[in-house]
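Below is one structure, written out as structure tokens, with a few remarks after it.
Please read all numbers here as calculations on a predicted model, not as lab measurements. Ligands are counted one by one from 1 in listed order, and the atoms in each one are counted from 1 as well.
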Amino acid sequence: MESLLIKGGVPLHGEVTVSGAKNAVLPIMAATLLTCEPCMIHRVPDLSDVKFMGQILTSLGARVAFDGSTLRIQARKINGVGDYDLIRRMRGSVCIMGPLLGRLKKAAVSLPGGCVIGARPIILHLKGFKALGAKVTIEGGFARASARRLIGSDMFLGGRAGSTVLGTANVMMAATLAEGVTVIESAACEPEVVDLANFLNAMGARITGAGSPTITITGVTQLHGAEHEVIPDRIEAATYAIAAAATNGEITLRGARGDHLHAVFDKLKDTGVNIERKGTTVTVCRKGRLKPVDITTLPYSGFPTDAQAQMMALMILTPGISIITERIFESRFMHVSELARLGADIEIEGPSAIVKGGKPLSGAPVMASDLRASAALVIAGLAARGTTQVNRVYHLDRGYEQIDSKLRKLGARIKRIQGP
Ligand code: EPZ
């Protein structure tokens with residue numbers, strides 16, 4: 001298995017281009033199942049999750065062709081039952097269920113099961129399908145939904161932690177081909193949901209209100225092919241911005257959507273980091289000593305849970321006490337014990353981590369446990385004295401396009417090696 005070897009202590013400098021958003025392209029790829037016509041998707045990031053979704057669509061009968069960062073998909077003839085093992089291995093693939101139900105009036109996917117960051121049930125997805133008139137069962141490890149007709153209806157999709165991103169996406173996709181009007185209340189407002197709605201509308205859907213907690217979908221009888229450019233990845237952009245602050249460097253993010261990052265930039269400014277936005281270019285530069293801040297993760301437009309671990313890596317470098325509270329996932333502190341190997345002082349109290357920051361870090365071998373935790377370990381390794389070895393980097397490759405070569409271009413001493 002591959003690992004990353006990082007010699008820390010070098011301030012990052014230079015420009016980095018932000019890739020297309022993983023969490024936008026996955027549901028957009030699934031949405032191509034709603035039509036038998038060809039679709040073209042641009043700015044597709046080169047990630048293992050994207051390749052995986054391609055395999056899943058192929059297992060359903062679609063034709064999938066990658067051409068650099070452009071993807072051509074045609075789901076002329078498809079079946080409603082996805083490959084059990086393939087789907088089980090990637091949670092994000094649950095979002096094929098809505099399009100299959102919308103188009104074929106039946107769908108069966110293997111239950112995604114929990115992951116290291118939490119139980120992650122799909123109850124709300126199924127609740128939405130039921131509200132559209134589908135019969136839903138969970139049997140033999142499969143979640144199944146079927147209906148003779150789908151009828152638009154009003155529904156509330158809020159749950160324990162507020163809205164659900166993929167739940168909103170799934171139900172919105174099924175409702176595009178339902179009869180009548182569907183209104184989703186407590187819908188997720190994430191930019192990735194808006195990007196999906198824009199793609200669906202380009203396919204001939206009639207969706208309004210995406211980006212707000214109330215989304216209205218007026219059903220149509222069929223959808224056609226479309227072409228779309230995916231939004232830039234706000235979490236990748238946030239990760240590089242935090243790495244610039246952690247290494248006392250200056251980075252220019254090219255092709256970023258600063259308007260998707262208000263909560264992150266607001267906190268970075270509070271720590272004393274300078275953020276300069278010009279169009280789709282954002283320059284991040286640390287000016288002197290960092291100040292501790294408290295963070296609570298919330299649904300969009302609050303502070304993203306997907307940037308929590310990276311922000312913790314910055315706070316361990318910051319003199320003083322900061323409190324980081326995770327409100328979205330019940331066990332998203334897997335990075336804490338690994339950061340402690342580098343010398344961090346963090347205590348967990350219920351949903352909060354109390355970070356006593358400012359102690360210099362020293363490099364050590366650490367283990368990645370999930371995508372964002374591994375990004376935090378890379379940031380801490382870049383700031384630590386000596387050498388850090390991050391093992392199991394396959395977690396990183398799921399969500400960061402060419403992270404080691406991008407960091408090397410910014411001056412980092414980082415290389416990929418065969419690990420344990
Ligand atoms: C999406 O996951 C993202 N994944 C996650 O990014 C991200 O962390 C999450 O949204 C929150 O922003 C993709 O888009 C592929 P949720 P999703 O449903 O949709 C609970 C990353 O690092 N819930 O919004 O699966 C759930 O358990 C990944 O890129 C229910 O209780 O997340 C969680 O606590 C990790 N019942 C909360 O809601 C349900 O039916 C939010 O989950 C559904 C969700």
Fill in: Minimum-distance protein heavy atom relative to atom 31 (O) of ligand 1
Pro121 CG, 3.6 Å
Worksheet item: Leu268 versus Met311: any side-chain heavy-atom pair under 4.5 Å?
Response: yes
Discussion item. Checking the N or O distance criterion of under 3.5 Å, is ligand 1 in contact with Glu190?
Written reply: no
Worksheet item: Which residue holds the protein heavy atom closest to atom 1 (C) of ligand 1, what is that atom called, and what is the gap in Å?
Response: Val165 CB, 4.0 Å
Practice prompt. Please determine which of His335, Arg327, Arg332 meets the side-chain hydrogen bond (donor to acceptor under 3.5 Å, both in side chains) test together with Gln308.
Written response: His335
Worksheet item: How about Met312 and Arg372: do any of their side-chain heavy atoms sit closer than 4.5 Å?
Response: no
Worksheet item: Thr35 side chain to Leu223 main-chain N or O, any donor-acceptor pair under 3.5 Å?
Response: yes
Practice prompt. Counting heavy atoms only, name the option from Ile122, Ile235, Leu196, Asp306 that's nearest to atom 28 (C) of ligand 1.
Written response: Asp306
Worksheet entry | Heavy-atom nearest neighbour in the protein, as seen from atom 17 (P) of ligand 1, with distance rounded to 0.1 Å | Arg120 NH2, 3.7 Å
Practice prompt. Quick one: look at Glu192 and ligand 1, take heavy-atom pairs under 4.0 Å, and tell me if it's side chain, backbone, both or neither.
Written response: neither
Item to complete: Check whether any side-chain heavy atom of Glu401 lies under 4.5 Å from a side-chain heavy atom of Leu47, and answer yes or no.
Response: yes
Practice prompt. Verify, without hydrogens or angle tests, whether Glu190 (side chain) and Tyr300 (backbone) share a donor-acceptor contact under 3.5 angstrom.
Written response: yes
Worksheet item: Which bit of Leu166 is near ligand 1, meaning a heavy atom under 4.0 Å away: side chain, backbone, both or neither?
Response: both
Response to the item:
atom 40 (O) of ligand 1 sits nearest the protein heavy atom Leu124 N, 2.7 Å
Item to complete: Output yes when a side-chain donor or acceptor of Lys406 lies under 3.5 Å from a complementary backbone atom of Thr17, and no otherwise.
Response: yes
Response to the item:
If you scan protein heavy atoms around atom 22 (O) of ligand 1, the nearest is Arg372 NE, 2.8 Å
Practice prompt. Could you find the nearest protein heavy atom to atom 38 (O) of ligand 1 and give me its residue, atom name and distance?
Written response: Ala161 CB, 4.2 Å
Practice prompt. Report yes if Ile123 has an N/O atom closer than 3.5 Å to an N/O atom of ligand 1; otherwise report no.
Written response: yes
Worksheet entry | Whether Arg332 lies under 4.0 Å from ligand 1, heavy atom | yes
Response to the item:
Within 4.0 Å of some non-hydrogen atom of His125, the atoms of ligand 1 are 40 (O)
Practice prompt. Return the residue, atom name and 0.1 Å-rounded distance of the protein heavy atom closest to atom 41 (C) of ligand 1.
Written response: Ile328 CG2, 3.7 Å
Worksheet item: For Thr283 and Thr252, does a side-chain donor sit closer than 3.5 Å to a side-chain acceptor?
Response: yes
Discussion item. Quick check against the 3.5 Å criterion: does Asp294 have a side-chain atom that pairs as donor or acceptor with the backbone of Ser322?
Written reply: no
Discussion item. Under 4.0 Å from a heavy atom of Lys22: which atoms of ligand 1 are those, numbered in the order shown and with their elements?
Written reply: 21 (C), 29 (O)
Discussion item. I want to check something: taking the side chain as every heavy atom from C-beta on, are Pro304 and His260 in contact at a cut-off of under 4.5 Å?
Written reply: no
Discussion item. More than 12 heavy atoms of other residues, nucleotides or ligands under 6.0 Å from CZ of Arg206: yes or no?
Written reply: no
Discussion item. Quick test: of every protein heavy atom, which one is nearest to atom 9 (C) of ligand 1, and how far off is it to 0.1 Å?
Written reply: Phe329 CZ, 3.9 Å
Response to the item:
Among Thr305, Asn23, Leu157, the residue with a heavy atom nearest to atom 11 (C) of ligand 1 is Thr305
Discussion item. Between Thr247 and Leu12 (side chain of the first, backbone of the second, donor and acceptor by atom type, cut-off under 3.5 Å), is there such a pair?
Written reply: yes
Discussion item. At under 4.0 Å between heavy atoms, is it the side chain or the backbone of Leu371 that contacts ligand 1, or both, or neither?
Written reply: side chain
Worksheet item: Hey, does Gly92 come in under 3.5 Å of ligand 1, counting only N/O atoms on both sides?
Response: no
Worksheet entry | For Arg160, the ligand 1 atoms whose distance to one of its heavy atoms is below 4.0 Å | 33 (C), 34 (O)
